[in-house]
Every structure is written in C-alpha cells, then in structure tokens.
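Below is one structure, written out as structure tokens; comments come after it.
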Amino acid sequence: MRIDLHSHSTASDGTQPPADVVRRARERGLDVLALTDHDTVAGHRAAVEALPEGLTLVPGMELSCRRAGQSIHLLAYLFDPADPELLAECELIRQAREERGRLTVERLVELGVPITWEQVSTLAGGSPVGRPHIARAMVAAGAVAAPEEAFTAEWIGTGGRAHVTRYALDPVRAVRLVRAAGGVPVLAHPKAVRRGEAVPDEWIAELAAAGLFGVEADHLDHDDEARAHLRRLAAGLGLEVTGSSDDHGELTGHRLGCETTAPEVYERLVGQAKGAVPVTAP
C-alpha cells in the first residue's frame, strides 16, 4: 500500500479543488490519502463525492499551533468533525488568519509591493486567506520570482518585515482537543529548520505525554540527519513515525506520494481513532 497522510486543497492553501486532489492521488498510484487542510474540514465532502475507485480517504486537518512565538503544526486524523470545542477553536483560528492576512497586505503595500486584498482574496477563491495566497500575489506583482522567496526575513517569513503573528493553539492543548474529539494527532514536519520551525525535543516529549501519536519524520523539509534524529527520538518516546508529501498542488510542484507512511503505522493510527473512519469509494 502507498499511503500519503498530508495534503492540501483549495479549501485552505492548496491550488487544486478537493475533487482534483483525490483524482490526482489515484493517478499517482496512492491507495490512501489524508486531506489535511489548515484548520478546516470544508473540503472533505467534495473529496468523498469525487473519491475514485481504489482510493481510501482519511479525513483530517492541520491545526495551527504556537508556543513562545514559534509556529507549530499538528496533523489531526479521524476526529469527530462536529466536536463543539474543536470547531470553536478552528473558527477562532480562521478569523485570526483573515485579520493577519489583511494586516500583512497593508505592510507589504507600505514596503512598496503593489498588491491588494481583493487580489489575494481572488487567489484564495473563497477559502480563508493564508500566507501562500499572499506569496502568489507577490509573484504576480513581480516582488519575488517564486512563492518560497516570500517566506524570508525580507518579506513574510517568521520575524520578517511584513510578518504578522496571529492566534493559534498551544500544541499541548491542541493534542488534547484532538484526542477528546476521538482523533489521532501527529506532529507535522517538526524539524523543518528551513522554515525556522524546528520543534525542540523537550516540547515533543511534552506532546507525547499529552497523547501525541507520532511525528512526521519523512518530509521533504527534513534532511537525512533530521529524519534519523526523529526516528531515535520517536523510539525513545514510544511514538510512531509517518511520512507524507505535504502537497499543495502547483505551489509545491505536484508532489503527492513523494513520501509515504508504512502500512502497519497506518493500521495502528486507524485503530486508535474513535471520532471518524476512513472512507473508501464504493
């Protein structure tokens, strides 16, 4: 089985609609795909309705967290999408994301970047505006040559000239919320030094004690040393290791299936879920 547990659609900051994401996943030879848009389950229904034969969909979400000013991402799988406390937190996060987006655009305009909120909103296509949408607008305006160039100290990267912080969950609380909703939490790309988001080992140990299931070690933002370190850390903490593409469509080069999760880890993940079940096309 080929299993990819991290992907995004236009429901958040991916470039393809959910239906296209699941179709492309099957074309890439995947057997299981998790749709994990940022702080929303809005794409799940469309993905299920378009699910091709032979592909299993794992309903998921990538929760925005922060500690000590550092951004942390938590993948949540197979939780109850109607859980009131988790829903309320996601709504707070989405509202904060829009406010952050507007302020970021204002700062970029002050720095001489000729973009508008309307342009960014159009790129988001009705989904909550995220920094990738702003980065794409910056490319269109000629301020940067590629979206990844926007995520630097020069522009909208963490601590950058136009960076704006926003509300996000403490990761320990997020782990507990996901577990309370019957879901299974996995820490996304925890050693992504390139993003300036490497999570300290002691924080990962704290998350493990709170109910974390695993760490996403096999990710393109991790070099061999980071992957080996995470495997050793996971073994010591009793955590599982997952692998995923973190595909955002055109934004990341259509890379579904470039990293995968072992079938036995997937089976253990599903075995712990109490809020929802994977969906297979009839």
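Arg66 contributes no side-chain N or O that, together with a main-chain N or O of Ile72, makes up a donor-acceptor pair within less than 3.5 Å. Put simply, the side chain of Ser244 never gets that close to the backbone of Asp4: no donor and acceptor are under 3.5 Å apart. For the pair Glu91 (side chain) and Leu87 (backbone), a donor-acceptor distance under 3.5 Å is absent. Judged by distance alone, with hydrogens and angles left aside, the side-chain atoms of Lys191 form a donor-acceptor pair with the main-chain N or O of Val199 at under 3.5 Å. Judged by distance alone, with hydrogens and angles left aside, the side-chain atoms of Arg255 form a donor-acceptor pair with the main-chain N or O of Ser245 at under 3.5 Å. The closest donor-acceptor contact from the side chain of Glu98 to the backbone of Gln95 lies at 3.5 Å or more, if one exists at all. Here the side chain of Arg100 pairs no donor or acceptor atom with the backbone of Thr165 at under 3.5 angstrom. Using a distance-only test at 3.5 Å, with no hydrogens or angles considered, no donor-acceptor pair links the side chain of Gln119 to the main chain of Met138. The backbone N or O of Ile156 lies less than 3.5 Å from a partner atom in the side chain of Arg131, making a donor-acceptor pair. Looking at His219, its side chain never comes within 3.5 Å of a backbone N or O of Glu216 through a donor-acceptor pair.
Under the 4.5 Å side-chain contact rule for hydrophobic residues, Val109 and Val164 do not share a cluster.
Of all heavy-atom pairs spanning Gly257 and Leu30, the tightest one is CA-CD2, 3.9 Å. Across all non-hydrogen atoms, the minimal contact from Thr152 to Glu148 is CG2-O, 4.3 Å. Heavy atoms only, all atoms of each residue included: Ala180 and Asp83 are closest at O-OD1, 4.3 Å. Closest non-hydrogen pair, Pro52 versus Ala281, comes out as O-CB, 3.3 Å. Contact record, Arg24 with Gly249: NH2-CA, 3.8 Å, taken as the closest heavy-atom pair. The minimum heavy-atom distance between Leu111 and Ala162, with the atom names listed, is CD1-CB, 4.1 Å.
The number of heavy-atom neighbours closer than 6.0 Å to CZ of Arg45, taken from other residues, nucleotides and ligands shown, is 12 or below. Under a cut-off of 6.0 angstrom, the local environment of CD in Glu154 is crowded, with over 12 non-hydrogen atoms contributed by other residues, nucleotides or ligands. Sparse packing is recorded around CD of Glu225, with 12 or fewer heavy atoms of other residues, nucleotides or ligands lying under 6.0 Å away. Other residues, nucleotides and ligands contribute at most 12 non-hydrogen atoms within 6.0 Å of the CD atom of Glu53.
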Show, in sequence, the C-alpha distance, side-chain angles and deciding distance for Arg232 and Arg227, and conclude whether the side chain to side chain contact (heavy atoms under 4.5 Å, CB included) test is met. CA-CA 9 Å; Arg232 291 192 298 270; Arg227 296 179 191 218; over 6 Å; no
Start with the C-alpha gap between Val215 and Thr242, add the side-chain angles, then the distance that decides, and say whether side chain to side chain contact (heavy atoms under 4.5 Å, CB included) holds. CA-CA 6 Å; Val215 291; Thr242 68; over 6 Å; no
Would you please test Leu74 and Leu212 for side chain to side chain contact (heavy atoms under 4.5 Å, CB included) and show each step? CA-CA 9 Å; Leu74 186 74; Leu212 188 69; 3.7 Å; yes
Which is it for Val129 and Trp117 under the side chain to side chain contact (heavy atoms under 4.5 Å, CB included) test, yes or no, and what are the steps along the way? CA-CA 10 Å; Val129 167; Trp117 177 251; 3.7 Å; yes
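Going from atom OG1 of Thr104 over to atom CD of Glu99 covers 10.0 Å, rounded to the nearest 0.5 Å. Thr261 contributes atom OG1, which lies 10.5 Å from atom CD of Glu240 (distance to the nearest 0.5 angstrom). For the atom pair OG1 (Thr36) and CG (Leu63), the distance works out to 10.5 Å, reported to the nearest 0.5 Å. Rounding to the nearest 0.5 angstrom, the gap separating the CG atom in Asp247 from the CG atom in Leu220 is 10.0 Å. Within the model, atoms CD1 of Ile204 and CG of Leu239 stand 8.0 Å from one another, a figure rounded to the nearest 0.5 Å. Ser9 OG to His44 NE2: the interatomic distance, rounded to the nearest 0.5 Å, is 8.0 Å.
Looking at Arg94, Arg97, Glu89 one by one, the single match for side-chain hydrogen bond (donor to acceptor under 3.5 Å, both in side chains) with Tyr167 turns out to be Glu89.
Inspection of the Thr56 and Thr280 side chains reveals an N or O donor paired with an N or O acceptor under 3.5 Å. Residues His254 and Thr252 have side chains that never bring a donor and an acceptor to within less than 3.5 angstrom of each other.
Taking the six-membered ring for Trp and thresholds of 30 and 60 degrees, His8 and His38 have nearly parallel ring planes, at less than 30 degrees apart.
A salt bridge is defined here as a Lys NZ or Arg NE, NH1 or NH2 lying under 4.0 Å from an Asp or Glu carboxylate O, and Arg2 with Glu259 fails to meet this definition. Here Arg23 pairs with Asp20 in a salt bridge; the nearest charged N to carboxylate O distance falls below 4.0 Å.
The shortest distance between side-chain heavy atoms of Pro185 and Phe79 does not fall below 4.5 Å. Inter-residue side-chain proximity for Asp246 and Ser7 is flagged as unmet; no heavy-atom pair is nearer than 4.5 Å. Taking 4.5 Å as the limit, some side-chain heavy atom of Leu169 sits within range of a side-chain heavy atom of Leu177. Asp31 has its side chain out of reach of Leu55: every pair of non-hydrogen atoms, C-beta onward, lies at least 4.5 Å apart. Proximity of Leu33 to Val21: side-chain heavy atoms (C-beta onward) are separated by under 4.5 Å at one or more points. Contact check for Arg231 versus Asp218: side-chain heavy atoms found under the 4.5 Å cut-off. A 4.5 Å side-chain heavy-atom check between Val172 and Trp203 finds every atom pair outside the cut-off. The closest side-chain heavy-atom distance from Val41 to Pro59 is not below 4.5 Å.
Grouped with Leu269 in one hydrophobic cluster are Met1, Ile3, Leu5, Val32, Val58, Leu75, Tyr77, Leu78, Val184, Val186, Phe213, Val265, Tyr266, Val270, the linkage being side-chain heavy-atom contacts under 4.5 Å among Ile, Leu, Val, Met, Phe, Trp and Tyr residues.
The six-membered or imidazole ring of His189 lies away from that of His222, with a centre-to-centre distance of 6.0 Å or more.
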